[in-house]
Structure formats: C-alpha cells, structure tokens
Enquirer: 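Dropping the structure in here first, questions after.
Numbering of ligands and ligand atoms starts at 1, following listing order. Below, each value reflects all heavy atoms present in this structure, side chains not excepted, and no hydrogens, waters or symmetry copies.
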Amino acid sequence: MGASYTSNIADADVNGTFMGSHLKSPSDITGFPYFPTGTGSLLQKCLTKDIWEQCKDRRDKFGFTFKQCIFSGAKWTNSGVGVYAGSHDSYYAFAPFLDKIIESYHGHKPSDKHISSMDYNQLNCPSFPPDEDKMINSTRIRVARNLAAYPLGTAVTRQQRKEIEKLVTSALGEFEGDLKGKYFSLETMTEAEKKQLIADHFLFKGGDKYLESAGLERDWPEARGIFHNDAKTFLVWVNEEDQLRIISMQKGSDILQVFKRLADAANKIESKAKFANDEHFGYVSTCPTNMGTGLRASVHINLPKLMKAKDLHQSIADKYHVQIRGIHGEHTETDDGVFDISNLRRLGRNEVQLVQDMYDGVKAMIRAEKSL
Ligand code: ADP
Ligand code: ARG
C-alpha cells in the first residue's frame with residue numbers, strides 16, 4: 001500500500017530555508033511526513049514507509065502517541081534528530097523506530113547491554129600543563145535523570161510536574177556540606193536574576209522551539225527552577241527537557257574534580273529517588289541522544305585557529321567522538337573563538353569512558369591548535 005504524504009511543507013521550505021512547517025499539532029500528521037530535499041535529521045533517515053505503517057497508530061502506556069514522538073522533527077525539518085519519547089515505555093512501544101534511531105546515534109544494538117560506572121579512579125586525565133590550562137575557561141559535566149514513577153516531561157500532567165518539583169526539591173533540601181544549597185523557582189525569580197543566571201551559563205534559557213513542539217514547555221514557567229550551592233559548582237535543573245539535569249561545573253580545567261563532585265551528587269540524589277533505568281537503555285531520557293548515561297562532559301575552550309579550519313576540526317571531532325557547540329548552549333553560534341567541546345555518545349559506554357572521550361578529544365584539538 002502506498003503511503004500518503006502529509007502536507008507539512010511551508011512556503012519557507014519551498015524556498016529551501018527549512019524554517020518549519022504549518023503543522024500545528026501531532027494530529028495534523030495525517031500521512032507519511034514530507035521532508036524537503038536537504039533534510040538531514042535522524043527522523044528522516046530512520047522513518048521508512050514500512051516503519052511508519054507499523055507505528056503510526058501506536059501509543060505508549062501513558063497514551064503518548066507515535067505522532068507526538070515524531071512531531072518536533074516533522075515540524076522542524078532542520079532538526080538534527082527530531083524525536084522525543086513520552087515515557088520509558090515509549091522506547092518499547094515504538095521500538096521498530098526508536099531502536100533504529102538509537103543504533104544510528106549511539107551504535108547501540110537492541111541486544112546490547114548498558115553498564116554504568118562512575119569510578120573516577122579509572123579516569124586517565126592528567127592535569128593540563130599551564131599553557132593548555134590557559135586555553136580552557138571552564139569545565140562542566142551534567143547527567144539527565146527522570147523519575148521512574150512518572151512519564152517523561154513530554155507527557156506529564158500539570159499536577160504531576162508540580163509533584164516532581166516538590167519531590168526533587170525536598171530531597172535536595174536535605175543536602176549538607178559542599179552540596180548544600182537552595183532552590184530558585186523560575187516563577188518567582190526576577191527577570192534580571194534569570195538573565196544573569198543564563199548569561200553566567202548556569203540556567204536553561206527556555207523558548208526552545210524543538211522542546212516546545214514536543215510538549216516540554218507546557219505551563220511554562222510553572223514548576224521549573226534551579227537548585228544550586230553557594231559556589232554554583234553543583235546545580236540541578238528541574239523540569240526542563242528532563243525532570244532533573246544534575247550539573248557539576250567550575251572555572252578552569254580540573255575535569256577530575258568536576259567528575260568527582262558529579263558522581264557524588266548523582267549517587268546521593270539516587271539514594272533518595274528512583275530513576276527510570278533498565279539494563280539495555282541505562283538511564284531513560286526524553287531525547288534518544290541522552291539515553292544511557294545522560295552525560296555530557298564539556299569544556300569551554302579557546303581554539304581560534306583550529307576553529308577556522310573547518311575540515312580539520314570536524315575530522316578530529318569525528319575521530320574522537322566529540323561534538324562542537326557554541327558557548328551559549330545548544331544551537332548557538334560562538335564568539336571570540338571559544339567553543340564547547342563535549343562527548344557525543346552517551347549510551348553503551350560508561351560514564352568514565354565518556355568523560356575520557358571528551359578529555360582525549362580536547363587534547364587532540366589542543367595539539368592541532370598548537371600546530372597551526
Ligand atoms: P546541556 O544541558 O545539554 O549540556 P547546553 O549546551 O544547552 O545544554 O548548555 C547549557 C548551559 O550550560 C549553557 O549556558 C552553556 O553555556 C553551559 N555550559 C555548557 N558547558 C559548559 C562549560 N564547560 N562551562 C561553562 N558553561 C557551560
Ligand atoms: N530535537 C533537537 C534536534 O533534533 C535537539 C536534539 C538533541 N538535543 C537535545 N537537547 N535533546 O535538533
């Protein structure tokens with residue numbers, strides 16, 4: 001049977017600018033989505049007509065539909081991935097499709113197991129010598145986590161989102177010592193406070209069109225916020241893309257110290273909260289790119305010469321499995337030759353190996369910068 005095409009093409013797409021389409025809601029996807037020439041998303045690569053026919057009317061056990069899962073990438077055809085899950089169960093309910101997405105992004109096969117290890121003694125990351133340390137402004141490692149008892153942020157109700165905020169903030173409220181801190185609700189902080197936290201790289205920005213179209217910005221800013229210690233070296237984002245983003249960061253290049261703090265904090269939180277997790281997928285997250293460890297370890301680093309040599313830096317990034325972002329968060333450009341370099345893979349390798357990916361990739365980039 002020939003698949004019919006949904007008319008999700010917009011004038012802007014016809015003109016080749018990939019600005020999104022007139023799709024307003026998942027139910028507007030009435031047939032196989034239309035992808036303009038040049039669409040390079042994993043959604044477009046993995047969604048065959050057969051898979052579409054198999055999955056198009058499926059929903060997970062919370063009622064989250066396959067069309068909701070692909071809506072962001074069907075609407076925003078310039079997505080890199082374009083897919084969000086509604087719950088842990090979505091990964092099984094939409095397996096013919098999501099297994100393919102996961103294998104394409106992480107190289108993790110349906111029969112593979114995911115094993116976690118935050119044993120920082122296994123990390124091989126000697127301190128950077130002073131000339132290299134000078135190139136690195138700051139180091140950050142975050143992990144994504146979601147509570148086992150709830151669907152993901154794409155599918156929670158308003159009430160559930162409030163419950164999650166309460167559970168997480170009361171657990172964090174018991175922290176002592178270096179991790180002791182306070183919760184700042186997005187609803188009550190002033191515009192100036194919010195701006196400052198964003199400018200200093202501590203807080204999420206909101207207004208992300210990809211997250212918005214996945215239902216992750218419903219009732220914004222209600223039940224969202226940030227917990228942090230006084231030094232702002234330990235932070236937790238609540239109810240953004242994932243229910244928790246546990247973050248350790250500081251100025252300079254001491255990756256080991258940042259990783260130790262992260263491991264300690266993540267373990268402490270886990271002793272108070274049950275996270276969605278299984279043997280095959282590891283920790284469950286809203287975007288398939290964050291499955292497994294949910295870990296992104298990054299440095300903000302000054303590489304002015306290398307970043308002008310596009311083919312060279314891209315080939316190093318590919319070889320070492322690292323990703324290059326601008327320093328104002330995902331989907332941003334950069335200024336002044338400072339870039340965010342982080343591990344690309346998150347699933348099928350443990351946390352130590354992924355921090356190692358970042359360290360090795362950064363060392364290779366520094367070598368290249370010095371040689372130019
Ligand atoms: P993610 O939470 O997925 O890691 P982003 O790339 O959007 O997402 O980054 C979130 C925020 O963290 C941004 O403000 C970004 O500048 C900041 N950030 C990321 N890495 C570092 C780093 N190494 N040092 C300082 N800030 C960082
Ligand atoms: N959905 C966006 C895209 O496909 C982001 C994908 C990865 N990033 C993320 N924050 N989950 O381009």
Side-chain angles (χ1 to χ4, degrees), residues 18 20 39-46 69-85 101 104-106 135-145 152-154 194-217 226 228 232-233 235-238 240-242 244-255 258-259 262 285-291 293-302 322-335 338-346 354-355 358-359 362:
F18 304 102
T39 304
S41 64
L42 279 190
L43 166 64
Q44 182 261 327
K45 286 186 190 134
C46 296
C69 170
I70 64 169
F71 180 65
S72 186
K75 180 174 176 67
W76 303 111
T77 54
N78 64 347
S79 291
V81 185
V83 172
Y84 294 91
I101 292 271
S104 312
Y105 188 87
H106 301 278
M135 300 162 84
I136 297 176
N137 294 350
S138 52
T139 304
R140 173 182 186 264
I141 308 181
R142 59 83 162 161
V143 290
R145 295 288 184 267
L152 296 164
T154 41
K194 190 172 88 182
K195 265 200 172 138
Q196 194 60 52
L197 284 169
I198 294 171
D200 294 339
H201 305 288
F202 296 124
L203 182 62
F204 49 83
K205 291 193 285 232
D208 179 308
K209 64 183 185 183
Y210 305 102
L211 298 187
E212 193 278 326
S213 56
L216 285 159
E217 299 209 347
I226 183 170
H228 65 75
K232 300 201 190 86
T233 52
L235 310 96
V236 182
W237 292 357
V238 180
E240 196 242 7
E241 178 173 338
D242 290 290
L244 294 92
R245 285 284 176 94
I246 304 168
I247 301 163
S248 167
M249 64 195 281
Q250 66 192 46
K251 296 257 182 261
S253 66
D254 192 341
I255 296 175
V258 172
F259 189 42
L262 191 269
S285 64
T286 309
C287 177
T289 62
N290 283 316
M291 294 293 276
T293 58
L295 181 143
R296 196 173 81 86
S298 62
V299 292
H300 278 182
I301 182 168
N302 209 320
V322 292
Q323 186 182 50
I324 304 170
R325 294 184 180 183
I327 61 156
H328 298 292
E330 194 176 18
H331 311 298
T332 62
E333 295 301 323
T334 213
D335 24 44
V338 183
F339 288 82
D340 172 321
I341 312 286
S342 64
N343 58 295
L344 180 74
R345 307 180 289 195
R346 324 220 195 282
L354 298 180
V355 176
M358 186 274 275
Y359 179 83
V362 167

Enquirer: Quick one: does Asn343's side chain have a donor or acceptor within less than 3.5 Å of a partner on Leu295's backbone?
Expert: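 Checking the backbone N and O of Leu295 against the side chain of Asn343, a donor-acceptor pair under 3.5 Å is found.
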
Enquirer: Would you mind finding which of Arg296, His328, His201 brings a heavy atom closest to atom 9 (O) of ligand 1?
Expert: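 Residue with the shortest heavy-atom distance to the ligand atom: Arg296.
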
Enquirer: Does the side chain of Arg346 come under 3.5 Å of the side chain of Thr293 through a donor N or O and an acceptor N or O?
Expert: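 No, no side-chain donor-acceptor pair sits under 3.5 Å.
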
Enquirer: Using heavy-atom distances, let me know which of Glu330, Arg140, Met249, Lys205 sits nearest atom 4 (O) of ligand 1.
Expert: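 Considering heavy atoms of Glu330, Arg140, Met249, Lys205, the nearest to atom 4 (O) of ligand 1 sits in Arg140.
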
Enquirer: Checking side chain to side chain contact (heavy atoms under 4.5 Å, CB included) for the pair Val143/Arg296: CA distance, chi angles, key distance, verdict?
Expert: CA-CA 7 Å; Val143 290; Arg296 196 173 81 86; over 6 Å; no

Enquirer: Counting from 1, what ligand 1 atoms have a heavy atom of Ile327 closer than 4.0 Å?
Expert: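 Those atoms are 15 (C), 16 (O).
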
Enquirer: Taking atom NZ of Lys195 as the centre, report whether more than 12 heavy atoms of other residues, nucleotides or ligands fall under 6.0 Å from it.
Expert: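 Counting other residues, nucleotides and ligands, NZ of Lys195 stays at 12 neighbours or fewer.
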
Enquirer: What protein heavy atom lies closest to atom 8 (O) of ligand 1? Include the residue and the distance to one decimal.
Expert: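 For atom 8 (O) of ligand 1, the nearest protein heavy atom comes out as Arg325 NH1, 3.6 Å.
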
Enquirer: Check the side chains of Thr286 and Asp242 for a donor-acceptor pair under 3.5 angstrom, ignoring hydrogens and angles.
Expert: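 Yes - a donor-acceptor pair under 3.5 Å links their side chains.
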
Enquirer: Consider only side-chain N and O atoms of Arg142 and Asn290, and report whether a donor and an acceptor are under 3.5 Å apart.
Expert: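 Yes, Asn290 and Arg142 have a side-chain donor paired with an acceptor closer than 3.5 Å.
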
Enquirer: Answer side chain, backbone, both or neither: which part of Phe202 comes under 4.0 Å from ligand 1, heavy atoms only.
Expert: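 Phe202 to ligand 1: no contact under 4.0 Å from either part.
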
Enquirer: Go through the side-chain N and O atoms of Ser72 and Ser213 and say whether any donor and acceptor fall under 3.5 Å apart.
Expert: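 There is such a pair (donor and acceptor under 3.5 Å, judged by atom type) between the side chains of Ser72 and Ser213.
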
Enquirer: Checking contacts here: is it the side chain or the backbone of Val299 that comes within 4.0 Å of ligand 1, counting heavy atoms only? Could be both or neither.
Expert: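 The answer is the backbone.
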
Enquirer: Would you call the rings of His201 and His300 parallel, tilted or perpendicular, where under 30° means parallel and over 60° means perpendicular?
Expert: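 Ring orientation of His201 relative to His300: perpendicular.
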
Enquirer: Is it the case that ligand 1 has an N or O less than 3.5 angstrom from some N or O of Trp237?
Expert: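 N/O-N/O distance below 3.5 Å does not exist for this pair.
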
Enquirer: Can you confirm whether the side chains of Asp200 and Gln196 place a donor and an acceptor under 3.5 Å from each other?
Expert: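 Asp200 vs Gln196: donor-acceptor pair found between side chains.
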
Enquirer: What protein heavy atom sits nearest atom 24 (N) of ligand 1, and how far away is it?
Expert: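 For atom 24 (N) of ligand 1, the nearest protein heavy atom is Ser138 OG, 2.6 Å.
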
Enquirer: Any side-chain heavy atom of Tyr210 within less than 4.5 Å of one from Tyr84?
Expert: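 Tyr210 reaches Tyr84 side chain to side chain.
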
Enquirer: When you measure from atom 20 (N) of ligand 1 to every protein heavy atom, which one gives the shortest distance, and what is it?
Expert: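 That would be Ser298 OG, 2.7 Å.
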
Enquirer: Non-hydrogen atoms of Phe204 versus ligand 1: any pair closer than 4.0 Å?
Expert: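 The answer is no: ligand 1 sits nowhere under 4.0 Å from a heavy atom of Phe204.
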
Enquirer: Please list, by chain and number, the protein residues whose heavy atoms come under 4.0 Å of ligand 2.
Expert: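 The 4.0 Å shell around ligand 2 contains Ser79, Gly80, Val81, Gly82, Tyr84, Tyr210, Glu241, Cys287, Thr289, Glu330, His331.
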
Enquirer: Considering non-hydrogen atoms of the protein only, which is the closest contact for atom 3 (O) of ligand 1, and what is the distance?
Expert: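 Here the nearest protein heavy atom works out to Arg142 NH2, 2.7 Å.
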
Enquirer: Students should be able to answer this: which protein heavy-atom is nearest to atom 21 (C) of ligand 1, and at what distance?
Expert: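 Nearest protein contact, heavy atoms only, for atom 21 (C) of ligand 1 is His300 NE2, 3.2 Å.
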
